[in-house]
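Data block below; observations after.
In what follows, chains are A, B, ... by sequence order, proteins preceding strands, each numbered from 1.
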Protein chains: 2
Amino acid sequence: MIVIDYHDKRPIYEQIIDRFQLLILNGALEPDSQLPSVRALAVDLSINANTIQRAYSELERRGLIYSIKGRGNFVSAQKDVVKEQQDKLLEELRQQLVICKESGIEFIKVLDCVRETFQEVNL
Amino acid sequence: MIVIDYHDKRPIYEQIIDRFQLLILNGALEPDSQLPSVRALAVDLSINANTIQRAYSELERRGLIYSIKGRGNFVSAQKDVVKEQQDKLLEELRQQLVICKESGIEFIKVLDCVRETFQEVNL
DNA sequence: TAAGTGTACTAATACAATTAATACACTTAA
DNA sequence: TTAAGTGTATTAATTGTATTAGTACACTTA
């Protein structure tokens with residue numbers, strides 16, 4: 001479910017955050033379903049439990065999960081938080097688009113890139 | 001010409017790299033034109049000259065500038081390096097697009113984002 | 001009650017970013 | 001020739017962040 005890429009320069013907790021966020025946003029993890037415990041996942045990934053805890057804290061801060069002491073962490077059931085995080089991703093995309101535009105990359109090239117990624121031909 | 005954003009989490013040398021790369025890619029800095037000296041820019045930005053040096057070294061490694069001992073740093077005159085760096089930016093865009101797609105963001109929303117950024121209506 | 005859970009805290013280590021101070025080689029203009 | 005300005009290289013020190021490690025406490029469930 002979760003894989004750490006040690007060639008990735010980003011911190012481990014950030015990789016975990018992004019991975020879980022992805023699984024929640026696309027619906028792979030259903031609302032109210034339980035996440036692995038901080039200790040269990042720590043053992044599974046051979047890392048420290050504090051690192052998992054840090055990732056879970058951030059996910060909770062974003063409203064993507066909620067935690068119950070003594071029971072565990074669970075996927076949030078609120079739909080608006082999903083939309084909110086998707087909007088943040090779109091904002092990051094927008095920033096990258098601005099960089100591309102300001103770097104003199106032609107509009108058609110960007111459009112091709114989008115088409116290829118989404119494999120949409122009916123445009 | 002160059003501005004440092006201390007609210008930006010990225011290292012200073014990286015901000016300088018990106019800023020100069022942008023100016024070179026979009027043609028604001030013409031081939032063979034001279035860049036500020038490492039010392040002069042350091043004083044101007046109130047940072048250490050080594051930080052400028054580090055940024056210039058990376059820009060030279062990318063082939064975007066060339067340096068002459070005792071004279072200064074100059075914008076590269078080779079067109080293919082511009083294309084090469086633009087392709088790298090497109091690859092970063094592609095990765096962000098994949099994240100958006102895998103996060104369940106609809107194709108039309110991404111397309112709207114592209115349209116708005118490039119302000120193209122004839123689609 | 002025991003085991004499993006989240007949470008909080010501190011200490012220690014490792015690494016990266018940055019500053020600082022030099023020193024050296026080269027170019028240009030007075 | 002000399003002085004000023006340029007790039008380059010090196011080392012040391014400081015700072016901040018990521019991560020590990022260990023511990024303790026509160027809560028839930030069987």
Side-chain angles (χ1 to χ4, degrees), chain A residues 1-21 24 29 31-77, chain B residues 1-21 24 29 31-77:
Chain A
M1 180 184 263
I2 303 293
V3 177
I4 297 175
D5 179 10
Y6 285 101
H7 293 83
D8 193 328
K9 311 282 184 182
R10 293 177 309 159
I12 298 175
Y13 74 92
E14 204 173 303
Q15 295 185 39
I16 297 173
I17 292 171
D18 289 355
R19 183 62 183 147
F20 272 115
Q21 167 159 316
I24 295 173
L29 287 178
D32 294 322
S33 64
Q34 186 166 7
L35 276 68
S37 78
V38 288
R39 288 176 179 81
L41 187 54
V43 170
D44 185 36
L45 299 180
S46 301
I47 62 176
N48 193 277
N50 291 336
T51 306
I52 310 291
Q53 171 63 18
R54 182 165 184 179
Y56 280 8
S57 294
E58 173 60 19
L59 287 168
E60 187 179 25
R61 196 195 64 77
R62 297 184 187 177
L64 289 168
I65 69 175
Y66 60 93
S67 71
I68 304 178
K69 245 185 203 170
R71 291 201 49 201
N73 287 276
F74 304 85
V75 177
S76 171
Chain B
M1 182 183 262
I2 302 291
V3 177
I4 297 176
D5 178 10
Y6 284 101
H7 292 82
D8 194 329
K9 310 285 183 180
R10 293 177 309 159
I12 297 174
Y13 75 91
E14 204 173 302
Q15 295 185 39
I16 297 173
I17 291 170
D18 289 355
R19 182 65 183 145
F20 272 116
Q21 167 160 314
I24 295 173
L29 288 179
D32 295 322
S33 63
Q34 187 166 6
L35 276 66
S37 78
V38 289
R39 288 177 179 80
L41 187 53
V43 170
D44 185 35
L45 299 180
S46 300
I47 61 177
N48 195 276
N50 292 338
T51 306
I52 310 291
Q53 171 64 19
R54 182 164 183 182
Y56 281 7
S57 294
E58 173 59 20
L59 286 168
E60 187 179 26
R61 196 196 63 77
R62 297 184 188 178
L64 289 168
I65 69 175
Y66 61 93
S67 71
I68 305 177
K69 243 184 205 172
R71 290 203 48 202
N73 288 276
F74 305 86
V75 177
S76 171

Taking [atom1] from [X] and [atom2] from [N], how many angstroms apart are they, rounded to a whole number?
X	N	atom1	atom2	value
B:Q34	D:dG5	CD	P	14 Å
A:Q53	C:dA8	CD	C1'	9 Å
B:I52	C:dA20	CD1	C1'	15 Å
A:I47	C:dA14	CD1	P	19 Å
B:L59	D:dG7	CG	C1'	15 Å
B:E58	D:dT8	CD	P	14 Å

Would a 4.5 Å heavy-atom cut-off, applied to side chains only, mark [X] and [Y] as touching?
X	Y	value
B:Y66	B:D32	yes
A:I52	A:L45	yes
A:R10	A:D18	yes
B:L35	B:F20	yes
A:S57	A:R61	no
B:Y56	B:S37	no

On the nucleotide [N], are OP1 or OP2 found under 4.0 Å from the side-chain N or O atoms that [X] carries?
X	N	value
B:S37	D:dT6	yes
B:S67	D:dG7	no
B:T51	C:dA17	no
A:N73	C:dG6	yes

DNA chain D stem ranges, 3 or more consecutive Watson-Crick or G-U pairs under 3.5 angstrom: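 For DNA chain D the paired stretches long enough to count as stems (3 pairs minimum) are C:1-30 with D:1-30.
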Closest listed nucleotide, where the reference is the side chain of A:R54 and the choices are C:dG6, D:dT19, D:dT8: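 So the side chain of A:R54 is nearest to D:dT19.
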Counting distance only, does the side-chain N/O of [X] pair as donor-acceptor with the main-chain N or O of [Y] below 3.5 Å?
X	Y	value
B:E60	B:N73	no
A:R19	A:I4	no
A:Q53	A:V38	no

Side chain to side chain contact (heavy atoms under 4.5 Å, CB included) partner of B:I16, the single match among B:I47, B:V3, B:L59: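 Going through the options one by one, the only one that passes is B:I47.
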Sidechain N-carboxylate O distance under 4.0 Å for B:R54, B:E58: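 Salt bridge between B:R54 and B:E58, a charged N being under 4.0 Å from a carboxylate O: no.
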Per-nucleotide protein contact string for nucleotides 21-30 of chain C, where B marks a base within reach and S marks sugar-phosphate only (heavy atoms under 4.0 Å, - for neither): B-B--BSS--
Sorted by number, the residues of residues 7-15 of chain B with heavy-atom contact under 4.0 Å to DNA chain C: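 Here the set is B:P11, B:I12, B:Y13.
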Closest-nucleotide 5' rank along DNA chain D - winner of A:S46 and B:L35: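 Between the two, 5'-proximity favours B:L35.
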